[in-house]
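These notes are about the structure you will find just below.
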Amino acid sequence: MDLAMNTASQRNKIHPHKFMLWVGLGSIIMMFAGLTSAYIVKSNQPKWITFDMPVLFWYSTAVILVSSLTMQMALKEFKGRNMRKYRNLVAVTLAMGTLFIVLQFLGFSHVWKSGITLQGAGAAPFMYVIFGLHALHILGGIIALLVIFLQAFNSRKRSYNQVPIEVVTTYWHFVDILWIYLFLFFLWIQ
């Protein structure tokens, strides 16, 4: 009886890696909530300068949305132990994450060339900091994707532990949702 209760108790506990992920995501949410709140407060100051959202940000939004779908499909294929499809879908997600960063860089280059730099009052310094921090989080996701991608080719170690894949998938969906929030925030608030 005690063994059955202990086993049921173990099933109801969250995996430590997933718990740490959720703690980290909570911290990231608080950071971006603080930054966007500061943006709203500062936007009421005189001489506040806004900017037009580069069209490349619309494309990067589409890319990150599709990459979230490919990552979810990769998780499904991993759970079904279809490693060939899993590897392909992770590779596509990895490529799309990289494309997202490239499109962001090109979009910000366009903004910079139009004279909206880090100096002076207005939305630009906030935009560069907030979007730059998001890009760092995407880069972290790309590194995690690269790790699980390379592990899928490790013939010496065949593990079907889905926890790391679930953690990376959850994180990837999170940075996707975070981008949508930031994109809509800058689109509508300024």
Side-chain angles (χ1 to χ4, degrees), residues 14 17-72 75 92-148 166-190:
I14 187 167
H17 295 155
K18 290 181 181 181
F19 177 76
M20 290 306 297
L21 171 70
W22 287 108
V23 169
L25 296 183
S27 299
I28 294 167
I29 289 170
M30 289 171 42
M31 178 181 64
F32 280 99
L35 288 168
T36 53
S37 296
Y39 179 93
I40 291 170
V41 170
K42 290 289 233 173
S43 68
N44 292 321
Q45 292 183 340
K47 297 182 183 178
W48 184 258
I49 301 166
T50 60
F51 62 94
D52 291 326
M53 192 69 72
V55 70
L56 287 171
F57 286 3
W58 288 92
Y59 297 136
S60 67
T61 301
V63 166
I64 198 81
L65 285 171
V66 173
S67 76
S68 201
L69 177 65
T70 59
M71 190 63 218
Q72 189 62 40
L75 174 63
V92 168
T93 306
L94 189 56
M96 293 182 106
T98 304
L99 179 59
F100 176 85
I101 294 287
V102 168
L103 289 170
Q104 292 284 294
F105 178 79
L106 293 173
F108 280 114
S109 295
H110 175 74
V111 171
W112 190 274
K113 288 175 186 171
S114 70
I116 301 172
T117 64
L118 288 169
Q119 298 173 333
F126 277 94
M127 178 193 64
Y128 285 112
V129 169
I130 292 171
F131 287 175
L133 284 171
H134 181 262
L136 286 175
H137 287 90
I138 290 284
L139 189 58
I142 289 171
I143 291 168
L145 285 168
L146 187 58
V147 167
I148 65 170
E166 289 172 345
V167 167
V168 172
T169 301
T170 301
Y171 181 79
W172 196 253
H173 291 325
F174 172 77
V175 293
D176 181 354
I177 292 167
L178 180 59
W179 169 252
I180 299 301
Y181 163 73
L182 294 173
F183 182 69
L184 293 175
F185 177 84
F186 277 97
L187 198 61
W188 288 332
I189 297 298
Q190 69 161 341

Legend entry - Heavy-atom closest pair, residues Leu187 and Met53: N-CE, 3.8 Å
Legend entry - Atom pair CD1/CD1 of Ile148 and Ile143 - distance to nearest 0.5 Å: 13.0 Å
Legend entry - Partner set under side chain to side chain donor-acceptor pair (under 3.5 Å) for Tyr59, not counting sequence neighbours: none
Legend entry - Contact summary for Gly107 and Pro54, nearest pair of heavy atoms: O-CG, 3.7 Å
Inset, instruction - Heavy atoms only: give me the nearest Ile64-Asp176 pair and the separation to one decimal. - result: O-OD2, 3.3 Å
Legend entry - Non-neighbouring partners of Lys18 that pass salt bridge (charged side-chain N to carboxylate O under 4.0 Å, His left out), sequence neighbours left out: Glu166
Legend entry - Heavy-atom check, side chain of Val167 versus side chain of Trp22, under 4.5 Å: no
Inset, instruction - Begin with the C-alpha distance, continue with both residues' side-chain angles, and end with the deciding distance and a verdict on side chain to side chain contact (heavy atoms under 4.5 Å, CB included) for Leu133 and Ile28. - result: CA-CA 10 Å; Leu133 284 171; Ile28 294 167; over 6 Å; no
Inset, instruction - Applying side chain to side chain contact (heavy atoms under 4.5 Å, CB included), run through Ile40 and Phe185 and close with a yes or a no. - result: CA-CA 10 Å; Ile40 291 170; Phe185 177 84; 3.7 Å; yes
Legend entry - Residue pair Trp179 / Ile138, side-chain heavy-atom distance below 4.5 Å: no
Legend entry - Close side-chain approach of Phe174 and Leu21, heavy atoms under 4.5 Å: no
Legend entry - Which atom of His134 lies closest to which atom of Phe32, heavy atoms considered: N-CZ, 3.7 Å
Inset, instruction - Would you please name every residue forming a ring pair (Phe, Tyr, Trp, His ring centres under 6.0 Å) with Phe108, sequence neighbours left out? - result: Phe57, Tyr128, Phe131
Legend entry - Approximate separation, where rounding is to 0.5 Å, of Ser67 OG and His173 NE2: 9.0 Å
In a table with atom names and distances, give each donor-acceptor pair under 3.5 Å that connects a side chain of residues 95-102 to protein atoms at least two apart or in another chain.
unit_1: Thr98; atom_1: OG1; unit_2: Leu94; atom_2: O; d: 3.0

Legend entry - Residue list, side chain to side chain donor-acceptor pair (under 3.5 Å) with Ser60, at least two apart or on another chain: Gln104
Inset, instruction - For the pair Tyr171 (side chain) and His137 (backbone), establish whether a donor and an acceptor sit closer than 3.5 Å, ignoring hydrogens and angles. - result: yes
Inset, instruction - Could you go through the side chain to side chain contact (heavy atoms under 4.5 Å, CB included) check for Phe186 and Ile130 one step at a time? - result: CA-CA 10 Å; Phe186 277 97; Ile130 292 171; 3.9 Å; yes
Inset, instruction - Output the distance between atom CD1 (Ile142) and atom CG (Leu146), rounded to the nearest 0.5 Å. - result: 9.5 Å
Inset, instruction - Could you tell me the separation between the CG atom of Leu182 and the CE atom of Met127, rounded to the nearest 0.5 Å? - result: 12.0 Å
Inset, instruction - Flag yes if more than 12 heavy atoms outside Met31 fall under 6.0 Å of its CE atom; otherwise flag no. - result: yes
Inset, instruction - With the side chain counted from C-beta on, respond yes when Val55 and His110 share a heavy-atom pair under 4.5 Å apart, and no when they do not. - result: no
Inset, instruction - Output all residues satisfying ring pair (Phe, Tyr, Trp, His ring centres under 6.0 Å) with His17, sequence neighbours left out; order by chain, then residue number. - result: His15
Legend entry - Sub-4.5 Å side-chain heavy-atom contact between Val66 and Val92: no
Inset, instruction - Can you measure from CG (Leu75) to OG1 (Thr169) and round to the nearest 0.5 angstrom? - result: 4.5 Å
